[in-house]
Every structure is written in C-alpha cells, then in structure tokens.
Protein chains: 2
Amino acid sequence: MLTKDFLRERHRDELSEEDIAALESAITEVRELGARQLLVRAGEPVTMSTLLLEGFMCRYMDDRAGERQLVAVHVAGDFVDLHGFPLKRLDHDVATLTGARVALVPHANLARIVAERPNLTKLLWFSTLIDAAMHREWIFRLGRLNAIGRISHFLCELDAKLQAVGRSDGLRFELPINQNDLGEACGMTGVHVNRILRQLREQKVLLFRNGMVEIQDRKRLERIGEFDPAYLYINGAEKR
Amino acid sequence: MLTKDFLRERHRDELSEEDIAALESAITEVRELGARQLLVRAGEPVTMSTLLLEGFMCRYMDDRAGERQLVAVHVAGDFVDLHGFPLKRLDHDVATLTGARVALVPHANLARIVAERPNLTKLLWFSTLIDAAMHREWIFRLGRLNAIGRISHFLCELDAKLQAVGRSDGLRFELPINQNDLGEACGMTGVHVNRILRQLREQKVLLFRNGMVEIQDRKRLERIGEFDPAYLYINGAEKR
DNA sequence: CGCAGCCTTGAAGTAAATCAAGGATTGTGG
DNA sequence: CCACAATCCTTGATTTACTTCAAGGCTGCG
C-alpha cells in the first residue's frame, strides 16, 4: 500500500476504499533517488507529481547570489508537488535532501480523479492547504523569532510531522542533513546554526549529531520556538 | 458582476458562463467593513468564505509578545479565506487593513460546486495555490533579502497584483496603510521601515506618502527586491 | 597518507532593534 | 476657533544579534 502514509492522522479516514484504490492506481512508477538530487526545476512545465514514500525532500528558491532559501521540507506521506497539477509549472525547485523513495503520479491520472471523485479531490486540495499552512508558519518563524527560536520551532515541526507517520517516537528521530541545510531552512548561516545548537546542547534542551535529533526537554524546546502544532491539522493536535 | 476580479488575468477565461453563474449565485451577502476590523479569529470554526471586492485585507499571526506577523495581504478579486472551506478552521486571523467591501460565500454553496463542477473546483483550488506561491515568495523575502530588498519586493508584488485587477497603472497606486503595517509585513520595526523609505526616496526609486505609492524607477526597484513576477501566475508575466 | 566535507570556535564588522525625543497632521471638545 | 490629544512620521544615539572572515580539528575515504 504505497499511499498508506498520505494524510495519515489527517482525515485519511474520510477516504473511501474506492478513493484509496483510485489513488493507488494513479501511481505509475516507484523510484529510488540519491541524496541531493534535483527533481523539478522552477519554471519548467510539470506533468507528474511526486508522493514521497521514504526519506526527506525539500523545496527551495535561490537568491541572486545563488544562496538557497528552503520553503518546505517534506517527509514520508507528503505529496511533495501536488500543487504542480493545477499550477502546471512550479515557482521553485524540488530536490531530495537525503536518499528517498518516491511514487510518481501523472497529471492525466489526477485529472481523472478530479472529474470523477469529488471527495478525494477535496482531500487532495486539503493536503495542498496544509502545505500552505506550513508556509505561513515558516513566515512567522522567519519574521518573528530569533535564531534559537527558529531552529527550535523548525525541529518541533519536523518531530510532529514525523510522529504522525511513525518516524519519530517523540524523543529522537533521524534527520540526515548538515548544519548548513538547517541554516538554509531557518534563514541563517551555517556558522550561526552551530552556535545555536551549542546553546541548545548546553542547556540540555536538544542534541543534533550525526544526523540524529534527540529532544531532551520538549517543554523548553516548544517554549523557545513558540510552537503550537494546531497549524499542522493533525488529528487530535488541536489548538491548546 | 461581483466576481469580475476573481482570477482576473489568471485563467479566468477557463471558466464557462455556467461556472461564473454558479459562483455568482453562491454569494449570499455583500458587506461593507471599516478599517482594521477582525473577521475571523484563528482556531474558530468557519462556515463562510470571503471574496474581497474592494480595499485591502490581511492575514496574520501573533507571537507570544503579541507582535503581529502578516502572512498575506489581499486586494480586490482575492478569495481571502477560501482555504477555510477544506480546512474548516484557520491557523491565523483575518482582518481588514483599510475600509473594504466583501462578498460572503457559505461553505455549503462551495460544497455544491465541488460536487457538481469539477472545472470550477479546479480553478478554486488553483486560486488557493497562488496564495501558497505568494507565501513561498514571502518566505524568500524574509529569509534572503535585507530590509530595503524586502520592502522593495513587497511593493513590487502589490503593484503587480493591483495592475492585474486595474487598481494600479504601474506608476502609482493607493495603499492606505502606515509604516508600522509595512513593518509587520516585512518583518522589521516601523522605525526601520521609515529609514528604508527615506533611502528609497533619496535614491529616487519610490515614494510612499499619504497612503499613496509612487514608483519612480521600476527597474531599480525590481532589482533591489530581486523581483520576478513569475510566481504570481498572472497571464503574460512568465519567467523572464 | 592526504584530501574532502563537516563541525567548531574566535575576532571583527554590520544591519537592524531599541530607546528616546521632537515634529507634523488631523480630529475633537470646550 | 483654538487648545490638546492622538496618531503617525522622523531622526539621533546606543545596543544587540547575526554575519563574515579566518583558522584549526575531526572523521571517513580513496
């Protein structure tokens, strides 16, 4: 069942068995990808969308100097570039961060779903809106939090998303990226990420080493990052 | 024709006359709103969506200290909280910036459209994805541009959106907000906005006074803001 | 062994925040 | 009609968070 993590803990239960079967059969290919591999370049017409099955992917844009700004990080179960279907071309690049396994869905098959399955269509729409909600929180993070807050918030978000698909137990999870990647996500230099991680380590809040995140003091971490998971629309994680 | 500005210059031509009639008849009420009026509070269930007919609205979230971060600014023709239909509750507040006229669309009427009109549904979906694209550009702005770049980019975006709905001639447009609002959008203090506006004024790039923006040197403005309108998906404004 | 990639730390520089005060404009009530 | 209050704009002085530049160390690998 390739789509088992899609919308997991997020109204997946609203999908009928026929809806799920329709989605499964829309997949035409499964592919293994290496780390740091470009999948879609900004501006080029797209004809397929990518469902991430395993690993981490990201979406990003470059500034004039060629510096990256990540705008999204994706985990298993995410329909990474579903928005490419209505948009027809993307405004950003899509790439893997780590090794990954993906399922490919041609847009022609999505068109059939839209024509025939209003309920599934609405949930596909819903899933792109969760991405938009995460974008908004990303804006908040960059606009209103300082460096330690940004890193903390980002890692809280990742943990929550990974827990929803069974890839984190809430204490530790794998995140095989480097400090520079983290900086590109949180709008700061790799050097400063290093100093912030040291602070978090010294305060016994969080450890990030060898591609592994260990949350030592979740309360403090969430407080530092001003984190409230409501925006992730995960079942049961309502506004506190 | 209340919906005449909806998706104007953005594939509105893909809507059939019946689609447009269906959308028009989904509107149950038109309302005039004062400036700085809260419409939707984060977390509360929503049952209607708002099509902005005239004026400026915004969406924002507060940090712990109560400081606002704007995550979107809307102009005439924008379906401000259409995403509230699939999401059922919002992760942010929605308010007017200026006096405004809005059309209200109950979600029950949207449900009928989704059930009966796949083509219109896909364009409604599309319109929420343009918002997401603007969110991404907003992330880029905050993460990768300095203060003068952020202000410049933001005003370029507003001008492009307003031109698409005939509210800017490309030289000047009304924007009746204050410097502090601008700061809340661009992630900086009002004081610093003031200094940046002075720079833009002294360099004869742009004037912002009395709620009116005058673009004096568009080339420079776009260059300072690293602005490329491709992400707005406005017809004819393709990737350069 | 020697190189590449990543992490770590220090020192100096800079963009923006903060604190503070005054000035202009508009509205308001006596 | 004018005093004054409120709001917004403007500018200066100081502080702070983060960047930049630089160098060295660790680890794994061909």
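Sequence lines set the chain letters: A, B, ... in the order given, protein chains first and strands last, and positions in each chain run from 1.
Rounded to a whole Å, the CG atom of B:L145 is 15 Å from the P atom of C:dA15. In this structure, the CG atom of A:N180 is 11 Å from the C1' atom of C:dG5, given to the nearest Å. With rounding to whole Å, B:E67 atom CD is found 12 Å from C:dT18 atom C1'. In this structure, B:R36 atom CZ and D:dC8 atom P are separated by 6 Å, rounded to whole Å. The distance from atom CG of B:L197 to atom C1' of D:dC8 is 13 Å, rounded to the nearest whole Å. Going from atom CG of B:N210 over to atom P of C:dT25 covers 9 Å, rounded to whole Å. Atom NE2 of A:H192 and atom P of C:dA11 are 17 Å apart (whole Å). Between B:R195 atom CZ and C:dT18 atom P there is a gap of 12 Å when expressed in whole angstrom units.
The side chain of A:R198 approaches C:dG10 more closely than any other nucleotide in the set C:dG10, C:dA17, D:dT10.
Of the residues listed (B:T96, B:T50, B:L38), the one engaging B:L33 in a side chain to side chain contact (heavy atoms under 4.5 Å, CB included) is B:T96, and it is the only one.
Note on A:N194: a side-chain N or O is less than 4.0 Å away from OP1 or OP2 of C:dT8. Of the side-chain N and O atoms in B:N178, one or more sit less than 4.0 angstrom from OP1 or OP2 of D:dC8. Under 4.0 angstrom from either OP1 or OP2 of C:dA17 there lies at least one side-chain N or O belonging to B:T189. One finds no side-chain N or O of A:Q179 lying less than 4.0 angstrom from the OP1 or OP2 phosphate oxygen of C:dG5.
A cation-pi arrangement is found for A:R89 relative to B:Y233, the charged atom lying closer than 6.0 Å to the ring centre and inside a 45° cone about the ring normal.
A donor and an acceptor atom, one from each side chain of B:H153 and B:E137, are located under 3.5 Å apart. A:H83 and A:R59 are linked by a side-chain donor-acceptor pair at a separation below 3.5 angstrom, with hydrogens and angles left out of the test.
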